[in-house]
Amino acid sequence: MKIVGGGLAGLAAAARLGEAGLDVDIHEARPFLGGRAASYRLTPSDPDSEHIDNCQHVLLRCCTELMDFYRKCGVADRIVFQSTLHLVGRGGTHDALFRDPLPAPLHLARSLLQMRGLGWKDKFSLLRCLAAVSRARKRDDLDDITFADWLRQHGATARSIAHFWRPVIVSALNEEPERASALPALQVFGEGLLGSRTSYEMGVPAVPLDELYSPALAGQFGPSVRLHLGSKVTAIDPRDQAADFYISAVPFDRVAALVPELGVEDQLQRFQPSPIVGIHLWFDRPITEFGHAMLVDGEVQWIFHKGGGYYLGVVSAARGLVRDPPAEIAQRAVAQLRETFPRAREAELRRSRVIKEMRATYSAVPGLERWRPGPHTRFPNLFLAGDWTDTGWPATMEGAVRSGYNAAAAVLAAIRSQGREPDTGEPAASKGA
Ligand SMILES: Cc1cc2nc3c(=O)[nH]c(=O)nc-3n(C[C@H](O)[C@H](O)[C@H](O)COP(=O)(O)OP(=O)(O)OC[C@H]3O[C@@H](n4cnc5c(N)ncnc54)[C@H](O)[C@@H]3O)c2cc1C
């Protein structure tokens with residue numbers, strides 16, 4: 001069994017198949033695991049160089065499969081969940097999303113009604129739209145319209161869009177409401193905000209991302225799973241007898257080159273990338289008491305405290321700034337932080353690093369959902385995984401893990417259909433005889 005890609009999709013598939021006792025070889029082109037959700041040395045040639053995350057990666061409490069994966073890795077306790085989410089605007093206006101001891105969806109009502117950035121008309125429209133989210137999210141035609149269209153149809157006010165709907169959806173889908181399909185947007189709000197009392201809670205890794213994968217490197221998935229780092233696979237030929245089954249767990253823009261005979265070029269062309277920019281800023285001191293903040297009215301959308309004076313700013317759906325020089329982007333981010341947090345005005349910026357991920361995720365435009373393939377391909381022994389495949393989730397860590405589990409389930413089903421038992425490879429009839 002060969003898996004190509006050591007991101008979350010490939011690792012999740014390996015964890016499941018390792019549990020079933022299958023012989024698994026994971027081939028990862030880079031010298032480290034985690035794919036887009038990885039951390040690496042700032043200066044790769046210097047072994048003592050500082051490690052940074054490839055942008056901040058967060059999850060919500062509703063990311064149940066990702067947490068299951070972290071449990072399999074033995075690292076679930078390194079994810080720290082925040083039950084209060086801070087929304088801060090220029091000038092320092094502060095709102096908080098927190099829960100009351102009431103059943104969902106009433107648990108967030110008080111915090112939404114208290115938002116200072118919204119007037120009563122905005123708050124009323126917000127509650128009405130949230131009520132519509134729970135009714136609407138399973139309809140297929142929602143993938144024909146943008147989320148902005150849906151919001152307008154349901155009477156969302158401009159201020160509620162700017163202060164609440166847009167900031168949440170841009171970071172969850174990596175796309176603007178004017179471009180994003182309503183279907184995944186409503187899934188995010190339906191599961192994230194209304195799913196249960198705690199589903200909105202944000203999980204932030206307390207360690208660099210690579211530490212979440214070190215148990216996998218140390219053999220946590222069982223003796224039958226072998227990792228091959230720095231092992232770029234040039235092509236998969238499913239007819240090749242080198243492995244009985246293959247899982248491609250590479251991004252959408254790599255799969256055609258990896259499996260030239262897959263025959264899904266038309267489908268793949270519908271996927272277009274959307275960038276994310278991470279702005280790493282090292283001040284000489286902490287600039288705010290918040291460990292995280294959603295910045296509701298500026299170019300930088302989120303800021304995370306990484307310790308000391310180190311902050312990581314995030315701009316999703318960043319096509320508007322990817323051509324700007326890094327120094328300018330950092331300068332604008334510092335100016336925004338100084339308008340937002342009074343303490344930042346006294347702080348001195350020591351250094352900065354801007355990382356532009358041009359192909360961070362696919363752009364979740366209307367009409368795309370129906371083109372996301374499931375795990376099966378036209379080859380009975382080749383399966384697809386990756387955040388872009390059909391998981392019912394957007395391109396996220398949760399989506400990637402779900403895709404890996406789906407591909408692993410498809411492999412196990414194929415083995416059973418051959419009359420074998422997954423955990424031994426022996427014929428089913430001889431097992432236990
Ligand atoms: C800047 C940024 C911020 C993000 N923030 C968040 C967030 O906060 N929360 C969230 O849930 N998601 C976030 N995401 C999305 C998340 O990182 C991805 O959805 C997820 O990690 C994708 O996992 P994957 O396994 O499908 O793909 P990848 O992580 O891309 O893994 C694919 C792997 O395949 C390898 N590979 C490719 N070709 C070959 C080959 N020929 N041979 C061998 N190996 C190969 C690659 O090196 C890579 O390691 C973010 C993404 C980015 C880029």
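Start at 1 with the first residue, then count along the sequence. Remember, it's 1-based here, ligands and their atoms both numbered in the order they're listed.
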(request) Run the numbers for me: atoms of ligand 1, each under 4.0 Å from some heavy atom of Gly35, listed by number. (result) 29 (O), 31 (O), 48 (C), 49 (O)
(request) Report the nearest protein non-hydrogen atom to atom 26 (O) of ligand 1: residue, atom name, distance rounded to 0.1 Å. (result) Asp387 N, 2.9 Å
(message) Under 4.0 Å, counting heavy atoms only: does Gly278 come that close to any atom of ligand 1?
(response) no
(request) Check each atom of ligand 1 against the heavy atoms of Pro251 and keep those under 4.0 Å away; list them by number with element. (result) 30 (O), 32 (C)
(request) Please test Phe32 against Leu217 for side chain to side chain contact (heavy atoms under 4.5 Å, CB included), starting from the C-alpha separation and ending with a verdict. (result) CA-CA 9 Å; Phe32 49 84; Leu217 282 169; over 6 Å; no
(message) Using the side chain to side chain contact (heavy atoms under 4.5 Å, CB included) definition, which of the options Val314, Leu87, Leu85 pairs with Met294?
(response) Leu87
(request) Please report which non-hydrogen protein atom sits nearest to atom 30 (O) of ligand 1, along with the residue it belongs to and the distance in Å to one decimal place. (result) Arg36 NE, 2.8 Å
(request) Tell me which protein heavy atom sits closest to atom 23 (O) of ligand 1, plus the residue, atom name and distance to 0.1 Å. (result) Ala400 CB, 3.4 Å
(request) Please identify which atoms of ligand 1 are closer than 4.0 Å to at least one heavy atom of Ala9. (result) 25 (O), 26 (O)
(request) Determine the interplanar angle of the Phe383 and Phe245 rings, folded into 0 to 90°, and report it as parallel if under 30°, tilted if 30 to 60°, perpendicular if over 60°. (result) tilted
(message) Between ligand 1 and Ser231, can you find any atom pair, the residue atom being a heavy atom, that is separated by under 4.0 Å?
(response) yes
(message) Any carboxylate oxygen within less than 4.0 angstrom of a Lys/Arg side-chain nitrogen, looking at Glu357 and Arg36?
(response) no
(message) At less than 4.0 angstrom from any non-hydrogen atom of Gly386, what atoms of ligand 1 do you find?
(response) 26 (O)
(message) Residue-level breakdown please: for Ala29 versus ligand 1, do any non-hydrogen atoms fall below 4.0 Å on the side chain, on the backbone, on both, or on neither?
(response) both
(message) Within ligand 1, which atoms have a heavy atom of Val233 less than 4.0 Å away?
(response) 40 (C), 41 (N), 42 (N), 43 (C)
(message) Please identify which of these residues, Arg41, Lys306, Arg353, meets the salt bridge (Lys or Arg N to Asp or Glu O under 4.0 Å) condition with Asp53.
(response) Lys306
(message) Counting only heavy atoms, tell me which of Val314, Val58, Thr396 gets closest to atom 9 (N) of ligand 1.
(response) Val58
(request) Could you tell me the residue and atom name of the protein heavy atom closest to atom 12 (N) of ligand 1, and the distance to it rounded to 0.1 Å? (result) Met397 N, 3.5 Å
(request) Identify, for atom 2 (C) of ligand 1, the protein heavy atom at the shortest distance, and state residue, atom and that distance. (result) Ile276 CD1, 3.6 Å
(request) Say whether Asn54, considering both its backbone and side-chain N or O atoms, lies within less than 3.5 Å of an N or O atom on ligand 1. (result) no
(request) Answer yes or no for Arg61 and Phe81: cation-pi contact, defined as NZ/CZ to six-membered ring centre under 6.0 Å and angle to ring axis within 45°. (result) yes
(request) Verify whether the ring centers belonging to Phe147 and Phe189 lie closer than 6.0 Å. (result) yes
(request) Identify, for atom 35 (C) of ligand 1, the protein heavy atom at the shortest distance, and state residue, atom and that distance. (result) Glu28 OE1, 3.3 Å
(message) Please determine whether a side-chain nitrogen of the Lys or Arg among Asp253 and Arg359 lies less than 4.0 Å from a carboxylate oxygen of the Asp or Glu.
(response) yes
(request) Have a look at ligand 1 and work out which part of His57, if any, has a heavy atom under 4.0 Å from it: side chain, backbone, both or neither. (result) both
(request) Could you tell me whether ligand 1 has any atom less than 4.0 Å away from a heavy atom of Leu59? (result) no
(message) Under 4.0 Å from a heavy atom of Ala395: which atoms of ligand 1 are those, numbered in the order shown and with their elements?
(response) 15 (C), 19 (O)
(request) For ligand 1, note which part of Ala249 has a heavy atom under 4.0 Å away: side chain, backbone, both or neither. (result) backbone
(message) Between Arg78 and Glu211, is the salt bridge (Lys or Arg N to Asp or Glu O under 4.0 Å) condition met? List the steps.
(response) CA-CA 9 Å; Arg78 322 259 159 99; Glu211 286 186 30; 5.2 Å; no
(request) For residues His51 and Tyr40, establish whether the separation of their ring centroids is below 6.0 Å. (result) no
(message) Working to the nearest 0.5 angstrom, can you tell me the gap between Glu65 CD and Lys72 NZ?
(response) 8.5 Å
(message) Are any of the N/O atoms on Leu8, whether in the backbone or the side chain, positioned under 3.5 angstrom from an N/O atom of ligand 1?
(response) yes
(message) Please evaluate residues His94 and His86 with respect to the criterion side chain to side chain donor-acceptor pair (under 3.5 Å), reporting the C-alpha separation (whole Å), side-chain torsions for both, the decisive distance (0.1 Å), and the verdict.
(response) CA-CA 7 Å; His94 172 234; His86 301 285; 2.9 Å; yes
(request) Could you check atom 37 (C) of ligand 1 against the protein and tell me its nearest heavy-atom contact, residue, atom and distance included? (result) Val250 CG1, 3.6 Å
(request) Is it possible for you to check whether Arg350 lies under 6.0 Å from the centre of the six-membered ring of Trp282, through NZ or CZ, and within 45° of that ring's axis? (result) no
(request) Using a strict cut-off of 4.0 Å, indicate which atoms of ligand 1 neighbour a heavy atom of Arg30. (result) 47 (O)
(request) State whether Glu348 and Arg285 are salt-bridged, where the test is any N-O pair (Lys NZ or Arg NE/NH1/NH2 against Asp/Glu carboxylate O) under 4.0 Å. (result) no
(request) Could you tell me which atoms of ligand 1, counted from 1 in the order shown, lie closer than 4.0 angstrom to a heavy atom of Gln56? (result) 5 (N), 8 (O)
(request) Can you pull out the closest protein heavy atom to atom 34 (O) of ligand 1? Residue, atom name and distance to 0.1 Å, please. (result) Gly5 CA, 3.3 Å
(request) List the steps and the verdict of side chain to side chain donor-acceptor pair (under 3.5 Å) for Ser363 and Glu175. (result) CA-CA 6 Å; Ser363 165; Glu175 198 43 281; 2.6 Å; yes
